[in-house]
Structures are given as structure tokens and as C-alpha cells.
Amino acid sequence: MSILYVAFKGNGNSANKIVNGLVGDKLFLTNSYEGLKTDIENSPDTYDLVYMFGLDKKLKGTIRIDCIAQKGEKRLYSSVDFDSIVMKLNHVGIITNTSSTPTQSLCNEAYWHMLRKYNYHVIFFHVPSIKYITEDFIEKVRASL
């Protein structure tokens, strides 16, 4: 199975830090609506699964997996089995929740385009800022994927 790991550009970004340390193909998105759309359109469509990471400053030591992206009234749903991933993360001590409430953010926009491009085989992880995670947390996330 071919997997693509995705985060936004920026060295001070915890999501970027997690993805940077993973082994495999990576895509770092431009931090703008038009830029990320272009980045996604230009990415190869040869991946079976996409793991996306974004930052949520409200999280503290936990992960939220988003199940839905929304544009206007249209919603797109991931087809990834969240339960097994939540169990793996919880097993290593990382509290993980799922959300069916789409955000109105750059992350939602990126998720929307990725879900369309990769036939809904995409999962989006929101992680805390660097201030609220440790190296141990980052390593546990990487090991769980």
C-alpha cells in the first residue's frame, strides 16, 4: 500500500515536525487557499492512502481526527477506518477523538481537495502546537502509523 504523508509548510509547526520525521513520501502544502489547491492538484494520484496533519492550537496533548470536510452545503466523508487508528493511538497513551463537525479553516480546505483527489482514502489528524506536545508524543504518533 502506498501512503502519502501531508502537512503544511513551516518548521515551527508541530504537524510539519511529525511528518518530517516519517519515512515515506511527503507533501508540504503552501499556507494559502490557492497555494494548497495547486499543491494538491500537482501531487501524483498514485497513493492508496493519505495521512494529513494540521495544527489546532486548542488541543493539549491529544489528537482529533476529522471525519468530514465541507464546502458550502456539500460535505465529503473519509472512507478510512478510524476505529483501528484511534485504538492504536490510544494503546500507546495518546488520547484520540473523532469529530464529525467540519471546521472552516485552511485545514478543512486542504482536506476537501485531498478527499476528492484520493477517492476519500484520506484521514486528517489535528495535533496540538509544539507548546503542548513532547518528543515522546511525536514518536508515539509516528510509531502508530
Count the heavy atoms of every other residue, nucleotide or ligand shown that sit under 6.0 Å from [atom1] of [X], and state whether that count exceeds 12.
X    : atom1 : value
I95  : CD1   : no
K117 : NZ    : yes
K26  : NZ    : yes

Looking only at the side chains, is there a donor atom on one of D66 and Y111 sitting less than 3.5 Å from an acceptor on the other?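 Short answer, no.
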Quick one: does T98's side chain have a donor or acceptor within less than 3.5 Å of a partner on I65's backbone? no
Are any side-chain N or O atoms of S14 and backbone N or O atoms of P128, one a donor and one an acceptor, separated by less than 3.5 Å? yes
Return the [atom1] to [atom2] distance between [X] and [Y], rounded to the nearest 0.5 Å.
X   : Y    : atom1 : atom2 : result
K58 : R64  : NZ    : CZ    : 7.0 Å
N16 : K9   : CG    : NZ    : 10.5 Å
S99 : F124 : OG    : CZ    : 11.5 Å

Can E139 and R142 be counted as an ion pair, charged N to O under 4.0 angstrom?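 Salt bridge flag = yes for R142 with E139.
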R116 and E41 ion-paired at < 4.0 Å: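 Answer for the salt bridge query: no.
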For a side chain to side chain contact (heavy atoms under 4.5 Å, CB included) with L27, tell me which candidate from V6, N42, V50, V19 qualifies.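 The residue from V6, N42, V50, V19 that satisfies side chain to side chain contact (heavy atoms under 4.5 Å, CB included) with L27 turns out to be V6.
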Which heavy atom of F8 sits nearest to which heavy atom of F28, and what is that distance? O-CD2, 4.1 Å
Minimum heavy-atom separation for I130 to K17, with atom names?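 Reported closest heavy-atom pair: CD1-CD, 3.9 Å.
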Can you say whether the rings of F125 and F53 are parallel (under 30°), tilted (30 to 60°) or perpendicular (over 60°)?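 The arrangement is parallel - the two ring planes meet at less than 30°.
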